[in-house]
Amino acid sequence: MSEYEREARRERLDELRASGVDPYPARVGPRERIHEVSERYAQVDGPTLEADAPACALAGRIVAKRSFGKLMFLRILEDGETLQVSCRKQEMEPDAFAFAKVVDVGDFVRVEGVLWRTKTDELTLDARVIEMLSKSLRPLPEKFHGLTDVEARFRQRYLDLLANEDSRKVAVKRSLTLRAMRRFLDGRGFLEVETPVLQPLYGGAHARPFETRYKAYDQNVYLRISDELYLKRLVVGGLDRVYEIGHNFRNEGVSKKHSPEFTMMECYQAFADYNDMMDLTQDMLQSIAKEVSGGTKVDYLGEDIDFGGDWPRIPMHEAILDRTGVDVTATDDVASLRAAIQAAGHVPSDAPTWAQLVDDLFSEFVEPELRQPTFITNHPVALSPLAKKSVEDPRFVERFEVFAIGIELGNAFSELNDPIDQRERFEEQVKAQADGDDEAHPLDEDFLAALEHGMPPTGGLGIGVDRVVMILGGVANIREAILFPHMRPESA
RNA sequence: GGGCGCGUAGCUCAAUUGGCAGAGCAAGGGACUCUUAAUCCCUAGGUUCGGGGUUCGAUUCCCCGCGCGCUCACCA
């Protein structure tokens, strides 16, 4: 076991302390930011710098060290920006130069000196004094290849962020995405609200919950699978435009597009319907793409994804007809739909209901083909217990999902505000649960009471934030878009 | 959960048919005033993921376990 290097660093740490230097001082002296200095002197040439000899102090982590006897170059990193530091024996007090020689890659230091340009015309801080700000006891990953082991990258994300510029970019883009989303919604008059993560009854999505225990109330509770039913209560309460960005938890499979803990943005707008929410979705994602990627065209792993313009709005049954030749509207039960699928030359799934069979057709034949941003509308009513029925065809609902790169980014509907209809839908869900669908919605009396008091016509939308980050960040796995994806314990 | 693959030094990777486990970077010592993957000389660093088995001998072959990746299923 190579405690070897750590021991060498520990020895230097002890030597520092012995010589009266605090290796972890509480205060940082005056300093400028690296990016400010780089920008300010970007156009100033070597002779001018030499004449002015501007004094400068910077702080950062040493990420490279190249030593030549009486000369040494360091590279220091601060908030994603680096600058070169030179240490020349002729320009430094003997003690200061000796100290500079024993700093390690990984240490945080503050450097006071004078700016100049080297023979290769690189802006460089020529050190007069180096102070230890924080001593590093473990080595950074190898500099050329970085940290490539996926497991190590997730378990020690801090090393990944330091060693791999791409990882840092994704982290930054995630933050920019959230900021742009908030900015957009705030600009539309939405209030950001917070609703419970621990819920006595879960709802708002078709998923299996995590369960936990509320000790003070001696009560079983669930981690939310969705914010939906609480946000609608707020609309009932007269908060006409609300949104929440937060973590939802679904106790289900992990895949490159599913993480059991994920980030959802849900927003609700009174006196709007699903058509309004389509406009909102399109405007919002265009606005986010512009802010995060500088335009509506995004290069996703070599594929051009364009958020610009008006996106197609295709009823689900039309999309299925187009891709499979099956007209689901011409059938009304599982048996006839199965027959139609076979007649079209396809193998039907073993879905037990008409609605689920429609959904399977869509998932298999349509969804993976939806590369560019696309709205798919009017889902089967049985799959959408919280959505208003379509005026034209009550087998379907006023709902859409938005897709890109073959995955679902969001889901929205004209919210069901008829308490009688809502109760019947819940009762169907309860029946489905009794029939073995352990992801069906439980009946929420408290929510029904709220609806009975009256909810205005309302449009609601949920956006999978991690998936948007996948596209804007150019990563193929949702775990790459999440800073600390869940991992099993390393040693059991 | 199934299938396939991977697991060797801090990091990135080698190791012939089963025959003393190696290199680069990082580290320690030395040389060096213009490097930026610095260079050169020397040195040290290993429970080859863990446990069993086969064998004179296992990083290598077999079995079990653990972790990770890909994939299928699941996740409307």
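Lettering of chains follows the sequences in order, A, B, ..., and the numbering in each one begins at 1.
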Mind checking if [X] touches a base, just sugar-phosphate, or nothing, with heavy atoms under 4.0 Å?
{"X": "A/Arg155", "value": "sugar-phosphate"}
{"X": "A/Gln84", "value": "base"}
{"X": "A/Leu147", "value": "sugar-phosphate"}
{"X": "A/Thr120", "value": "base"}
{"X": "A/Lys89", "value": "nothing"}
{"X": "A/Glu142", "value": "base"}
{"X": "A/Arg117", "value": "nothing"}
{"X": "A/Ser67", "value": "base"}
{"X": "A/Met487", "value": "sugar-phosphate"}

Problem - Along RNA chain B (nearest heavy atom to each residue), the more 5'-positioned of A/Gly146 and A/Asn411 - result: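 Residue closer to the 5' terminus by nearest nucleotide: A/Gly146.
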Handout entry: Whichever of A/His441 and A/Gln90 has its nearest RNA chain B nucleotide further upstream toward 5'
Key =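 Of the two residues, A/Gln90 wins.
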Completion exercise
Applying the 3.5 Å cut-off to both distances, the Watson-Crick or G-U partner of B/A21 turns out to be none
Handout entry: Opposite nucleotide pairing with B/U35, Watson-Crick or G-U, both atom distances under 3.5 Å
Key = none
Practice task
Check whether the ring centres of A/His346 and A/Phe365 lie less than 6.0 Å apart, and answer yes or no.
Solution key: yes
Practice task
State yes or no: are the ring centers of A/Tyr202 and A/Phe210 separated by less than 6.0 Å?
Solution key: no
Indicate whether OP1 or OP2 belonging to [N] is found under 4.0 Å from a side-chain N or O atom of [X].
{"X": "A/Arg66", "N": "B/U35", "value": "no"}
{"X": "A/Arg153", "N": "B/G69", "value": "no"}
{"X": "A/Asn477", "N": "B/C70", "value": "yes"}
{"X": "A/Ser255", "N": "B/C75", "value": "no"}

Exercise for the section: Would you verify whether the NZ or CZ of A/Arg338 falls within 45 degrees of the ring axis of A/Trp354 while also being under 6.0 Å from that six-membered ring's centre? Expected result: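 Not flagged: A/Arg338 not positioned over aromatic ring of A/Trp354.
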Handout entry: Gap in Å between the two C1' atoms, one belonging to B/A44 and one to B/G28, rounded
Key =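 Nearest-Å result for B/A44 against B/G28 at atom C1': 7 Å.
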Practice task
Report yes or no: is the ring centroid of A/Phe73 under 5.5 Å from the six-membered base ring centroid of B/U35, with the two planes under 30 degrees?
Solution key: yes
Exercise for the section: State whether the number of non-hydrogen atoms from other residues, nucleotides or ligands found under 6.0 Å of A/Lys431 atom NZ is greater than 12. Expected result: no
Handout entry: Audit row: A/Glu131, A/Phe99, side-chain contact (heavy atoms from CB on, under 4.5 Å) steps and yes/no
Key = CA-CA 9 Å; A/Glu131 296 166 12; A/Phe99 181 83; 5.9 Å; no
